[in-house]
Amino acid sequence: MKKIGIMGGTFDPVHMGHLFVANEVLNIYGLDEIIFIPAGNPPHKRGTAACSYDRYIMTQLATLSNDRFTVSDIEIKKEEKSYTLKTMLEFKQKYPEAEFYFITGTDAVIDLPSWHNPGELLKICRFIAVLRPGNSLEDAKTKIEEINRIYNGHIELYQAPMLQISSTDIRSRFKNGMSARYLLPESVEQYIVKHRLYLETENEF
Ligand code: NAP
């Protein structure tokens with residue numbers, strides 16, 4: 001059975017932490033490939049700093065050199081809010097035999113009960129909740145155990161040593177004229193500079 005990792009996030013912008021995590025999870029869980037899905041119009045947010053198109057292009061640039069990584073425009077090409085269940089149902093239809101692993105940050109996963117139909121979503125994919133260094137492991141464990149119990153889900157916690165890097169910090173660096181070199185791929189850095197992204201925008205969404 002094919003195992004597909006789905007890397008969900010706003011990727012505003014994508015950085016080395018995301019790429020490192022994707023590669024680690026691919027190896028640890030024996031996945032065949034990882035599909036990055038930049039969120040289009042996140043249901044729970046006021047907005048994003050860079051537009052969908054720029055976040056999609058940056059994710060394409062970042063993943064270009066890895067033939068096990070691809071990027072899907074399934075969410076960014078839609079006007080309506082992007083619910084993960086809807087996205088996953090479309091993938092399930094496309095790859096009926098595959099096993100799916102949805103990979104995203106722990107902060108997002110612990111909010112799963114407020115997502116659209118979490119019970120149905122947890123039936124069709126496993127989750128890998130990525131914990132940043134500095135976030136409470138015990139809190140995350142307790143909340144994830146509770147969600148697994150309520151929905152009979154398969155959510156696993158993955159502690160990511162490299163996820164000290166954050167998109168929020170990177171946006172703030174561009175806004176304040178500080179170097180973000182080596183925190184993200186050079187091509188992504190060049191894209192941000194060329195298109196003057198993150199200079200004016202608010203940092204928190
Ligand atoms: P986000 O703001 O981009 O991420 C939340 C946190 O997780 C941030 O700390 C982020 O760090 C980290 N993160 C994001 N993507 C990651 C990844 N793939 N691996 C490791 N860490 C990651 O994302 P979000 O808006 O909360 O959404 C995350 C995913 O959940 C998206 O695919 C979104 O569509 C989905 N979601 C769905 C619903 C729904 O269906 N109702 C509701 C909420 C979220 P960085 O800032 O450094 O990336």
Side-chain angles (χ1 to χ4, degrees), residues 4-26 28-29 31 34-50 52 55-56 58-59 62-63 69 71-78 80-91 100-122 124-125 127-136 140 144 147 151 155-174 180 183-184 188 198 201-205:
I4 303 177
I6 302 286
M7 202 56 189
T10 42
F11 303 122
D12 196 12
V14 63
H15 54 66
M16 291 302 197
H18 299 128
L19 299 170
F20 180 84
V21 163
N23 195 49
E24 284 284 281
V25 169
L26 182 107
I28 294 168
Y29 290 86
L31 308 185
I34 304 255
I35 305 172
F36 285 69
I37 306 189
N41 185 1
H44 54 297
K45 284 193 175 173
R46 279 192 289 130
T48 56
S52 310
R55 291 182 291 107
Y56 173 71
M58 290 190 281
T59 313
T63 53
F69 290 176
V71 186
S72 166
D73 62 359
I74 189 166
E75 292 196 353
I76 65 123
K77 70 183 179 199
K78 288 181 185 156
E80 70 263 26
K81 292 196 183 298
S82 24
Y83 292 107
T84 302
L85 176 61
K86 218 170 161 199
T87 301
M88 291 312 303
L89 285 173
E90 287 186 41
F91 272 99
F100 290 101
Y101 292 72
F102 193 88
I103 309 153
T104 196
T106 314
D107 352 3
V109 176
I110 60 178
D111 272 346
L112 249 168
S114 72
W115 293 22
H116 178 59
N117 207 340
E120 200 54 33
L121 180 60
L122 283 163
I124 60 172
C125 61
F127 267 73
I128 298 175
V130 181
L131 186 75
R132 277 218 155 85
N135 287 8
S136 164
I144 284 171
I147 299 172
Y151 297 102
I155 308 173
E156 286 185 44
L157 197 57
Y158 166 68
Q159 291 186 67
M162 271 281 285
L163 218 64
Q164 215 105 37
I165 301 173
S166 85
S167 300
T168 307
D169 172 55
I170 290 175
R171 291 196 298 274
S172 156
R173 283 169 182 265
F174 281 103
L183 298 176
L184 69 179
V188 176
Y198 306 126
T201 45
E202 272 182 58
N203 262 320
E204 293 305 330
F205 287 95

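We count ligands from 1, going down the list as the structure has it; atoms in each ligand are counted the same way.
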N or O pair under 3.5 Å between [X] and ligand 1:
{"X": "A39", "answer": "no"}
{"X": "I103", "answer": "yes"}
{"X": "T106", "answer": "no"}
{"X": "S82", "answer": "no"}
{"X": "S114", "answer": "no"}

List every atom of ligand 1 that sits less than 4.0 Å from any heavy atom of [X], numbering the atoms from 1 in the order shown and giving each element.
{"X": "T10", "result": "1 (P), 2 (O), 3 (O), 23 (O), 25 (O)"}
{"X": "T84", "result": "34 (O), 35 (C), 36 (N), 37 (C), 40 (O)"}
{"X": "S167", "result": "45 (P), 46 (O), 47 (O), 48 (O)"}
{"X": "M7", "result": "17 (C), 18 (N), 19 (N)"}
{"X": "A108", "result": "26 (O), 28 (C)"}
{"X": "F102", "result": "32 (O)"}
{"X": "V130", "result": "20 (C)"}
{"X": "S166", "result": "47 (O)"}

Closer than 4.0 angstrom: is that true for some heavy atom of R132 and an atom of ligand 1?
yes
Residue-ligand contact H15/ligand 1, heavy atom below 4.0 Å
yes
Expected output: side-chain T104 to main-chain G8 donor-acceptor under 3.5 Å:
yes
Taking D12's backbone N and O only, do any of them form a donor-acceptor pair with R55's side chain (distance below 3.5 Å, no angle check)?
no
Could you tell me the separation between the [atom1] atom of [X] and the [atom2] atom of [Y], rounded to the nearest 0.5 Å?
{"X": "I4", "Y": "M7", "atom1": "CD1", "atom2": "CE", "answer": "15.5 Å"}
{"X": "K77", "Y": "S52", "atom1": "NZ", "atom2": "OG", "answer": "13.0 Å"}
{"X": "R171", "Y": "S166", "atom1": "CZ", "atom2": "OG", "answer": "7.5 Å"}
{"X": "K81", "Y": "H116", "atom1": "NZ", "atom2": "NE2", "answer": "13.0 Å"}

The test is side-chain contact (heavy atoms from CB on, under 4.5 Å); show your working for F127 and I147 and say whether it passes.
CA-CA 11 Å; F127 267 73; I147 299 172; over 6 Å; no
Stepwise, does the side-chain contact (heavy atoms from CB on, under 4.5 Å) test hold for V130 with V109?
CA-CA 9 Å; V130 181; V109 176; over 6 Å; no
Please step through side-chain contact (heavy atoms from CB on, under 4.5 Å) for the pair F91 and I37, ending with a clear verdict.
CA-CA 11 Å; F91 272 99; I37 306 189; 3.4 Å; yes
Working for side-chain contact (heavy atoms from CB on, under 4.5 Å), residues F36 and L19:
CA-CA 10 Å; F36 285 69; L19 299 170; 4.1 Å; yes
Which one of P13, G9, G5, G8 has a non-hydrogen atom at the shortest distance from atom 18 (N) of ligand 1?
G8
